[in-house]
Amino acid sequence: MRFAIFASGNGSNFESIVEHVKNQLISGELVCLFTDQESAYVIERAKKHYIPYYVFPKTKELSKAEYEAHILNFLKAEEIELIILAGYMRIIGSTLLKAYPNRILNLHPSLLPNFPGKQGIYDAFHSEVMETGITIHLVDNGIDTGPIIFQKSLERNEEETLEELEKRIHSLEYMYYPKIIADFIRENEK
């Protein structure tokens, strides 16, 4: 299964997935990276691994549908069958959702439905909950509301800092996201 990774920032999950592909732990073919940020560090990671990448920032002149239509054109040209979101900070709209029904995976750094949105770790840290974790889910038209595929929890330590919690959450992400991607591809191959 040919897949693309969408990312907007540092790209540490991108790198983890790349390593799993290179070690043949993910059977799919990682075709390219897409980013909406010209200065995203994930571009450097893609260059390091010789992975083609596309950069296309959203401008005010383009509507969401027009923006996604442009993305869809290059996805079709690359024959992409699956989209993996790894720190992609845009809400996926109807154009991509219709083209990829049940074929867009997202990793979220909280136990959904708790703490959806872009600051899940921060929100969990500043709450009263003593358990948080990660959620891997299919993307639908809501914000982190799609069908859950996998969750892994961790107990919070009352003395830990936000940075320490972030590190523990990221460790779970690196451990489980590639495995769930591999399972999803294996179960959905043509």
Side-chain angles (χ1 to χ4, degrees), residues 1-108 118 136-147 149-150 173-174 176-190:
M1 181 175 289
R2 294 171 60 84
F3 69 95
I5 298 176
F6 283 32
S8 296
N10 180 36
S12 58
N13 274 298
F14 169 83
E15 184 123 35
S16 176
I17 295 164
V18 168
E19 291 300 329
H20 281 77
V21 170
K22 285 187 171 188
N23 292 323
Q24 299 179 350
L25 300 171
I26 296 176
S27 65
E29 181 183 351
L30 173 53
V31 177
C32 61
L33 164 73
F34 171 77
T35 183
D36 60 330
Q37 300 296 318
E38 293 174 321
S39 62
Y41 187 72
V42 71
I43 295 168
E44 298 308 313
R45 295 180 191 266
K47 288 177 183 177
K48 179 176 92 173
H49 293 286
Y50 304 101
I51 295 172
Y53 60 92
Y54 296 89
V55 182
F56 187 54
K58 169 77 170 73
T59 62
K60 293 177 183 175
E61 291 78 32
L62 291 175
S63 69
K64 185 176 198 75
E66 291 168 331
Y67 180 70
E68 287 195 347
H70 178 82
I71 297 169
L72 189 55
N73 285 338
F74 90 77
L75 293 174
K76 286 182 177 180
E78 293 288 359
E79 299 177 351
I80 300 300
E81 300 168 275
L82 175 66
I83 298 171
I84 304 295
L85 305 182
Y88 185 64
M89 301 310 289
R90 292 198 170 278
I91 296 169
I92 301 295
S94 61
T95 302
L96 289 175
L97 287 171
K98 286 177 187 170
Y100 289 91
N102 298 315
R103 291 294 174 117
I104 305 174
L105 291 178
N106 187 41
L107 169 65
H108 185 75
K118 65 181 179 179
I136 299 166
H137 65 95
L138 292 171
V139 176
D140 66 6
N141 61 357
I143 297 174
D144 297 322
T145 58
I149 295 172
F150 175 84
E173 293 173 346
Y174 308 148
Y176 290 103
Y177 201 23
K179 179 188 180 322
I180 299 306
I181 292 167
D183 291 347
F184 185 88
I185 289 171
R186 195 169 32 257
E187 292 166 11
N188 290 281
E189 292 272 26
K190 291 180 181 174

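These numbers were taken from a predicted model, which means no experiment stands behind them.
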*asked:* Does any part of the side chain of I5, heavy atoms only, come nearer than 4.5 Å to the side chain of F34, both counted from C-beta?
replied: no
*Between atom CD1 of I149 and atom CG of L105, what is the distance when rounded to the nearest 0.5 Å?*
4.5 Å
*Identify, with sequence neighbours excluded, every residue that meets side chain to side chain contact (heavy atoms under 4.5 Å, CB included) alongside A65.*
S63, T95
*asked:* So, using side chain to side chain donor-acceptor pair (under 3.5 Å) as the criterion, who are the partners of N102 when residues are at least two apart?
replied: none
*For atom CD1 of I143, is the number of surrounding heavy atoms from other residues, nucleotides or ligands below 6.0 Å larger than 12?*
no
*Rounded to the nearest 0.5 Å, what's the gap from OH on Y54 to SG on C32? Could you check?*
5.5 Å
*Which heavy-atom pair separates I185 from I26 by the least distance, and what is that distance?*
CD1-CG2, 3.8 Å
*Any pair with a residue in residues 28-37 that passes side chain to side chain donor-acceptor pair (under 3.5 Å), sequence neighbours left out, goes on the list, sorted by first then second residue, please.*
R2-E29, S8-D36, D36-R90
*A86 versus A7, closest heavy-atom pair with distance*: O-CB, 3.2 Å
*List in chain and number order the residues that pass side chain to side chain contact (heavy atoms under 4.5 Å, CB included) with P101, two or more places apart in sequence or in another chain; answer none if no residue qualifies.*
none
*Which residues satisfy the side chain to side chain donor-acceptor pair (under 3.5 Å) test with E68, sequence neighbours excluded?*
none
*Might you work through the side chain to side chain contact (heavy atoms under 4.5 Å, CB included) test for I83 and Y88, ending with a clear yes or no?*
CA-CA 11 Å; I83 298 171; Y88 185 64; over 6 Å; no
*Would you give the length of the straight line joining atom CG of N106 to atom NE2 of H137, rounded to the nearest 0.5 angstrom?*
4.0 Å
*Should we count CD1 of I91 as having more than 12 external heavy atoms under 6.0 Å?*
no
_If you take the centroid of each ring, where Trp contributes its six-membered ring, are F74 and F56 closer together than 6.0 Å?_
no
*Would you please name every residue forming a ring pair (Phe, Tyr, Trp, His ring centres under 6.0 Å) with Y176, sequence neighbours left out?*
F150
*By ring pair (Phe, Tyr, Trp, His ring centres under 6.0 Å), which residues pair with F3, not counting sequence neighbours?*
none
*Interatomic distance, E79 atom CD to M1 atom CE [nearest 0.5 angstrom]*: 13.5 Å
*Say you draw a straight line from CD1 of I43 to CD1 of I51; how long is it, rounded to the nearest 0.5 Å?*
13.0 Å
_Residues forming a side chain to side chain donor-acceptor pair (under 3.5 Å) with D140, sequence neighbours excluded_ = T145
_Taking every non-hydrogen atom, the tightest pair across R45 and N10_ = NE-O, 2.7 Å
*Residues in side chain to side chain donor-acceptor pair (under 3.5 Å) contact with K22, at least two apart in sequence or another chain*: H49
_Listed once per pair and sorted, the salt bridge (Lys or Arg N to Asp or Glu O under 4.0 Å) pairs that draw on residues 53-66, sequence neighbours left out_ = none
*asked:* Could you work out, with ring pair (Phe, Tyr, Trp, His ring centres under 6.0 Å) as the rule, every residue matching Y53, not counting sequence neighbours?
replied: none
*Decide yes or no for P52 and E78: does some side-chain heavy atom of the first lie under 4.5 Å from some side-chain heavy atom of the second?*
no
*For Y100, which residues count as a ring pair (Phe, Tyr, Trp, His ring centres under 6.0 Å) partner, sequence neighbours excluded?*
none
*asked:* Let me confirm one number: the CG-CG distance from L96 to L75, rounded to the nearest 0.5 Å.
replied: 6.5 Å
*So which heavy atom on V21 is nearest to which on G28, and how close?*
CG1-O, 4.3 Å
*Report yes if the side chains of Y174 and H20 come closer than 4.5 Å at any heavy-atom pair, otherwise no.*
no
